[in-house]
Structures are given as structure tokens and as C-alpha cells.
Amino acid sequence: MRYSPRNLAKRQYVIIGIFAVVGVVYLMKLFSLQVLDDELKQSADNNVLRYVTQYPARGKVFDRNGELLVFNEAVYDLMVVPGQVSKEMDTTEFCRLLNITHDSYVERITKARKYSRIKASVFVSQISKEDYAHIGEILYRYPGFYFQTRTIRHYPSAIAAHTLGDIGEVDQRQLEEDPYYKRGDYVGKSGIEKFYEKELRGKKGLKVVMVDVHNREKGSYLNGLLDSLPVPGKDIYLGMDAQLQAYGEQLMHGKIGSIVAIEPKTGQILAFVTSPTYDPNLLVGRVRGENYNKLLNDPEKPLINRAISGTYPPGSTFKMVNGMIALQSGSITPATQFHCNGPGSTPIKCTHFHGSSPDLANAIENSCNPYFYEAFKTTINNPKFGDIKKGYEYWYQMTQALGLGHKFDTDIPYELPGNIPTRAYYDKQYGGKWNSVTIRSLGIGQGEILVTPLQLANIAALIANEGYYYPPHLIRAFGDSTAIPEKMTTRMETGIEQRHIKVIKAGMNSVFEGSHGTARGSKIPGISAGGKTGTAQNPHGDNHSIFIAFAPVEDPQIALSIIIENGGYGSTWAAPIASLMMEKYIKGYTERPAVEERMMNGVINYAIKKKK
Amino acid sequence: MTDRNSIIGKVDWPLLLMFFALVLIGWLSIYSAGMSEDHHAIYDITQFCGKQMIWIGISLAVGFVILLLDAKFFDAFAFWIYAVVVFLLVVVLVYGKATKGATSWIDFGGGVKLQPSEFAKLGAALALASLLGRQDADLKQRKTRIAAYCIIMVPAALVLLQHDAGSALVFASFIFVLYREGMPGAGAVMLLAVVAVTIFVLTLLWSTKVMCIVIGSLFVLTLAYFLLNKKKGLWTMVAVFVFFFAFVFAVDYAFYDILEAHQRTRIEVILGLNDDIKDAGYNLHQSRIAIGSGGVLGKGFLQGTQTKYDFVPEQHTDFIFCTIGEEAGFKGSLVVILLYVGLLIRIIRMAERQKLAFSRIYGYAIAGIIFVHVAINIGMTIGLVPVIGIPLPFLSYGGSSLLAFTIMLAIFVKQDANRLKIL
């Protein structure tokens, strides 16, 4: 009988009871909130809150000697909260103040209103210090408008544009990926600004202030309970030597190419020159967009960092690589001689005239093509590997250990890997039927081989170090002495024994010192250096002039690579510039002002040198 | 002709007056919430208040037409109406546009959008009333119960697929109808739900270990009581406690593995476990400031500051109660809550005077729906319930919601007006 209609009808009282109880509980809660709690009333004094983002100072960048490369300059964004803008505002006067047209005013305010009537948008961005002072004085007349301080980057010596990189407004993808960023924030777009974005940017703060209807700040909201202080970004010290960098950029004037100089003992990059370059101050502030497009459309492509994004056949500079691998595999000894028939040699001619038959050191000094073809052939045909394919795989592995054919992946964005062909590539290309004659160009650094100037400089550094290298990188230290990433301080062994490299080193020394040395004309007074010229054949025009070098031989301080596109012989442009760079770095000055002047003023006419 | 004249005399005026009062309060609050430095007229149709005015007009017209229809129409066509709303829910899943993570709109173009989930509740209420109102329907039979479950679960599941957990939760309100109509166990389910929520909250506040000790001691005491008094149902009691224990252990799992992160933080905020008033707790913090700053008498119509400048999010829709709390103070809150409780009690009392089972059941169904909406919405603004985005009936800005609730009420008023004709 529990479910008789009469009994069920009684259930209405249970349900009415539930409704009533909930109503009473809610009224009690509302009574406590609205009548008993005083704190909430004060919170909502007749004030309007304004959320002001506190932008942290972005970290500064210094060179290895503490010279300032990048710092911040204050600019001011004029913000608007459309909902607070007075209807009676004198827009004509306001437009005159900002030097904008009335149409532009309407357009801006409409855009801001569309975004939010309540949240602030940028009305005019990056107003200069002078205008700020002037406008700031009378801004109180215009409720809803206020200034927000921001900083832009400034580059006092205007060097190393590609290395330092630039900052620009955050794009849609980053906005979605990282909630830290808000529309209109600035982020690193290239170079170390991009790679060390997290360290440089610091952490934004927030200040909530109350303002009255007359746009006057009335102090902090809830005693600053919601506020957070900005944390400034870390300063960065680069391995770069600003003097040397500037010198390199001067030397490269009028030429296309790059200079990469490395401190062999640490892998820190001393100079990272790419030419043509541009003034990094062009890509800051309101002029950024316009200038960026100009640079982008320049036929000489100044935005490209050729030191990492340019890939070239290494030419004769690759002979050291083949020499080292041949020695290490036991395929040749320092005394091994190969016959050279000069220009009559087969399958590769020699471009230099020298006595036959050279040993390894002689062959380096004279840049003998047949010698290195034979050395390469002997290596991959070495009976200990079984067959040539296995021999080639060994050779390939060794080139990888020498830092070729792959990226170093340290702190340099947009690096290219270059190319060392794999065995599989040749198997596919020649249907498995290939031998040492098929791939003979590899012996002298031509054919499919491509390297970046950075990889070439690293070859010079590992020879200078007699067998090891540190992956080349830009950072030297953080301002707060945080350790730099382990990857950049890990010593990489090449697997080439010191005794073998000493032979190569001696050969490279005689390139400067020997009577036939291809760079004997660029000898540095008082400094014993090692080097190797390269003249890379280039299907698109005149040969590229290449040089790798290090100095002093006894205790190398600097190792570098130089590429001058369409510059002809290695000894014409690249070797003299390299010798000046080394002299300048070690001594601080040059004793050969005539050479310096010739190099600095030398201009290569690319309209003629480049074939279409 | 006589029908039209008599309908005015037969409608339940107390109910309609409470309805008109709520709609008017809503409209004025939306106007106030949208106010800022530049003043708009309350009938400016580019503003929320103007659009709401149009929707009020449409809703009243549709409601009036319903009063003119034959009362038997809704019982007869209940399942057809139900079929149409379920179909619309499927359409919305397929073609609907995503708004705020919930795919819930059908866009008719020209700025007219409808939210079928608002009408799904109405459809389910009609279908349930029609099913249980039949002579042969008996909730003690499994067949009837399964049919009732299906009517409720199908639209609830479709709404849940739109990621609109709030609206899906509203379908739980049908437990009141099932309880009133004598479904075995419905009362126990209501009680268990209360106990389960209590255990859930206490477990999160205290930790699993403490809860085990508490429930363990309760178990020992109850067991002693049962044994000493030689009570029946010992095993049922033991089973209930086993369920409680299992539930305690399930809480952590459910909380961390089933709930999504934003739902988790909303619950933490309510329980005071997470007092980050900048992020997750922002809505609640701002809405409490707005309501709390109203005081006893409020700041006066259009004088609120907190609800004007976007500090309170969604101030014209889900957080409309903030505007009332700020501008009308505790007296305003009191009036609104008394209006709702009065409306609900009136519906229940009217439902009980119906001669047709269909009308009674339908009345209970809509009372449950309105109650859950009001309890969740106001509870959320004052910090008693986690933030769940569902509108406040008759007050919140939004055409679909207003139209659906008006139709819901109009159908009931028509049934009630017609009761005297039933022999």
C-alpha cells in the first residue's frame, strides 16, 4: 500500500521541502556575502580596474670582452580601452596631437572596439620618448587612453645582424602553442634572439591598478594581492669578439661569402661574418616591416646567413679530410708517395706544377690532385675492409666523426646539414655498379660533397686541436652564471690519432711557409700559421675562393674558414683575408696595411662573375 | 470566440505574474549589464537588451498561441515533438558550429541561432509525461522503467556529446518526477546522490585515509545498532557500506582520471583547495565581489561597477545574477529567490490539482528542470556549486533559453486552464 495514489501525492511535500531548503540555504549564503562581509564591498569601491602588463627588460647581449652588442631602448605604446573613451572627446585635437588623420582614428578605434570594449588594445604603437613626454602631459584629458612602456632592441655597433637575430610580434602559431604570449608581444625571430628566447625574455608581471572615471590612477587593487613583479631576462655573453667581427665585415665588403672563426679550445665562435650583411637597427620598431621586405627582395639576399645556410663544394680544403682518413685507416703512411703527371694525370688532372712524386706533406703544400685521388682510392680499396662498398662506408663514418654531413645543432637556428653522399645513394645512382673511378671527385672535395662554412671552420679547429673539437656555438656564458647547455661543452673525439694529424698540420704549415706553398704570399709576420687553399668549381659562375686556417701552429688561438663566392683561386682573396683576420685577432693590429687596404677595397663584380 | 475570452479567465494568474516579473527583471538586468560610458536605449536592437526585447516579444507571442491550441494536442504529439528535438540534436552534432568548446548551435543565418539542447528538455518532459500518463504505464514494471530511462538518456547523451556537460546534468532533474510517480528506489537514489556528493566533497577535503576511518566507525556503530536491536536488512546495510568504501576509493580515480583539468580546478576552487584568484578562481572571485559589494540595498539600477567592465565574465548570460546582486543588493536577491521558490511551489501545487496524469507528470518534470537550472546557476555565482555554464531561466540573455522556458510554462498553463473541462 506504500504506492497508493494518496501516499504518492504526499511526496509533493518532500519535493517542495527540497526546493525550500535550497532556497533558504542560498539566501543564507547571500546574506553572509552581501550583508555580513565587508571586505568584498571595499574591493569594489567605485573604481575601475586596469590590468597593466609589466614587461620585463629583455636580457642584454655582450661579446667575449664585455662589449655591449644589444640593449633595450624604451618606447611607449598608447593603449585604449574603448569602453572608457568619452563621447564628448575632442577627436580633432587628439588626432593632431598624435599626428594621425581622423579616418585613421576611426579605423583604429573601430578595430579596438571589435577586439574588446573592455580590454585594452594598442592604439598607436612605439611612440618615441620625445612624443611620449609631449603627449603624456595632456593625456589626462582623454579618458580611456594611457601609455604602456615597452622596450625595443638597439645595436650600438651595428654588427653581426644574422648572429644576433631580431625580434618581432608573436605569430598565430606561437600564440596557440605557448599561453605565455599575448597578442602584440615580441619574441625572438632569428639568431640568438630566437634560440635563447626563454632566457632573454624573462617573465612578465602584472599590476592591477584602480583608476577613477577621470583616468587617474587611484592606487593598487587589493593592496597588490593580484600583482606580480616582472623578472628581467638573463644577460648573455657571446664567444664572439666584436672587434674581430667588425673587422671581418669590413674585409668582406663588396664580396659575397662568409668568414667563420672559432676558438679551437672551446668551440666558441669568434667571428661569424656573412656578406652582404645589413644594419640590425633596420629591423626594429615601426620600420621593421618595410625594411624587412626591402632586404627580402634584394637580389643578393642579405637576409641569408651564408655561414650556415650556404653550402659549397669544399674543393681542395677537403684534401685534409681525405689525408687524415687515409692515414688513420693505415692505407697510407706519411712517407707514401703517389705519382703526379701534372696536367697530364688521369683520371684527375693536377692544376699545379710541382716535382713528382710528392709525399703527403708535399701534396698538401702543392695541393696535388692526383695524390689525394690516389689516397682516397687506396683507402676505400683497402683490402682490410673486404670490398670497396665496405671501404666507402668506413670513409663515410669517418667524415661524420669529423663533423661533416650533419648539423651541429647547438645554438644557431637555420643551420643546414651539407651533404656527404651515402653508400645507398651511389648504389641507387649507379645500380650498384660503381668503383673508385666513378666517385673520384670525392678525393678532391668536388662532386656531391657540400659543406657549410661552419663545418669547414670546424675542420680547421679539429686539426688545430690535433684530433678533437667542441661543437661550434655562440654562447660563452649567461649573465647569472647558469651553466651553458652540456651539448656545447662536450668534447667530440674524431677518432683520428694525434700522430696522424701532426703530419697534416705540418703540411698545412708549409702552405704558408714552404717555397711552393699556395698561400706563401699571405704569410703573417711573426706568426706561424697553418692553412689550405681551395678553389671550388662552381657550375653557376666563376670558382669560389676558399681558405681554411689556424694560428699559431704551436698553440692555436683561432681557426677559421673563408669562402668568397666567385672569387677565383683560394690564394687570391680567401687566403689574404684569413691571414689578416688571424693577425688582427692575435696581435690586435696588422703589419701589412697594403694587403688590408687591397682586401677592404676589393670589390668583386658579380654581374660579370655570375653566369645566368 | 468564447474560448479565447474564457482562456484569460482560466489561466493561473499568480503563476503568470511571477513569470512576467522574472522576465522583466531579466530584461532590465541585461540592459544594465550592457551599459557603459556610451548610453544605449533599452530598445536598441544592436545591443543585448534590444535583442532580448525581440526575443521576449517572440516568446510571449508563441506562448499566447499555445494557450489557444487544443490542450490535447501536446499529449497527442508529445512523441513527435520529442522526435524532432532529438533529430535536431543529431543535426547539431553533425553541422553545428563550435562555440566555446560546445557544439550546440544551429545557425539559421542573419544572426539567428538556436540551441536545440534548450528544447531537448522540453521534448523529454513531454514524452515522459505522455509515456507515464498512459493507463497501462506502471513504473513498478521493468518495461515502463526502461522506456522512461531511454526517453531521458537519449537526449542527455546527445547533449553530452556536444561537450555541454551542464545541460546534460539538467536531465538528472527527472528524478523528481520518477520519485513522485512512485518508481521503486527513486527516493533512495536521491538520498544516495546526496550522500555520494557529501562523500566526494569530504574525501577531497580530508583524504582517503581519514574518510575510511570515518566510514569505518559509522559502520561499526550501525552494525552494533542492527545486531543489538535485531533489525532486518543487515545485508542490505552491509552492501551499502561496501558501496561507500568503494566510492571513497573511486573518488581519487574519478577526480584525477575522469574529470578534465578545467572541471577539476573548478571543483578545487569551490572547495577552497585552490585559491588562485587570477586564473581558475577568477570568475568566482569577481562574481562574489560583484554580489558582495551590493550590500543590503544595492548600488542602484545602472549604478553597478563590477558587472559593467567585464570583470564578471558572461555577465549578461550565465552570470546575470551578479548584476542583480550588485545593483539591487540583498533585497533584490531575496525577491528573485522568493520568486523562483514561489514559482516552483506554485507549479507543484498546480500539478497536484490536475485530473490528467499527463498534466501532473509534465508539471513535475518542468518544475524539476527549472529547479536544477536555478540551483546550479545561482549556486555557481555565489560559490556553492562549481562553475557550470547553464542559463538562469527567464532571466539570462539568450533567445533559445527564454523561448524554450516560456513554451514549457505556457503548455503547463494551458493544461491547467483546461483541467475543469476534464470529466
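We name chains A, B, ... by the order of the sequence lines, and we start the count at 1 in each one.
- Residue with the most contacts toward chain B among A:I16, A:V25, A:L27: A:L27 (heavy-atom pairs, distance under 4.5 Å).
- The minimum heavy-atom distance between B:I382 and A:K29, with the atom names listed, is O-CE, 3.2 Å.
- The structure places CE of B:M190 at 3.5 Å from CD1 of A:I18, a figure rounded to the nearest 0.5 Å.
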Note to self: Using the rule given for side-chain contact (heavy atoms from CB on, under 4.5 Å), can you reason through B:R180 versus A:I15, listing the C-alpha separation, both sets of side-chain angles and the distance that settles it, and then say yes or no?
What the structure shows: CA-CA 8 Å; B:R180 166 61 184 82; A:I15 292 171; 4.1 Å; yes
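- With a threshold of 4.5 angstrom between heavy atoms, B:Y364 approaches chain A through side-chain atoms but not through N, CA, C or O.
- More than 12 heavy-atom neighbours from other residues, nucleotides or ligands sit within 6.0 angstrom of CG on B:D136.
- Counting heavy-atom neighbours within 6.0 Å of B:R145 CZ, excluding the residue itself, gives a total above 12.
- Proximity of A:R11 to B:E181: side-chain heavy atoms (C-beta onward) are nowhere separated by under 4.5 Å.
- The two atoms that bring A:L30 and B:S333 nearest to each other are CD1-CB, 3.6 Å, heavy atoms only.
- Here the CD1 atom belonging to B:I348 is positioned 4.5 Å from the CZ atom belonging to A:F19, to the nearest 0.5 angstrom.
- Using a 4.5 Å cut-off between heavy atoms, B:I337 touches chain A through its side chain atoms alone.
- With rounding to the nearest 0.5 angstrom, the CD atom of B:E326 is 10.0 Å from the CD atom of A:Q34.
- Between A:V14 and B:Y179, the closest heavy-atom pair is CG2-OH, 3.3 Å.
- Annotation: side chain of A:Y26 is not in contact with side chain of B:Y340 (no heavy-atom distance under 4.5 Å).
- Atom NZ of B:K331 has more than 12 neighbouring heavy atoms from other residues, nucleotides or ligands inside a 6.0 Å radius.
- Separation of atoms CG (A:L8) and CD (B:E352) is listed at 9.5 Å; rounding is to 0.5 Å.
- Of the two parts of B:A351, neither the backbone nor the side chain holds a non-hydrogen atom closer than 4.5 Å to a non-hydrogen atom of chain A.
- Atom CD of A:E177 is surrounded by more than 12 heavy atoms from other residues, nucleotides or ligands within 6.0 Å.
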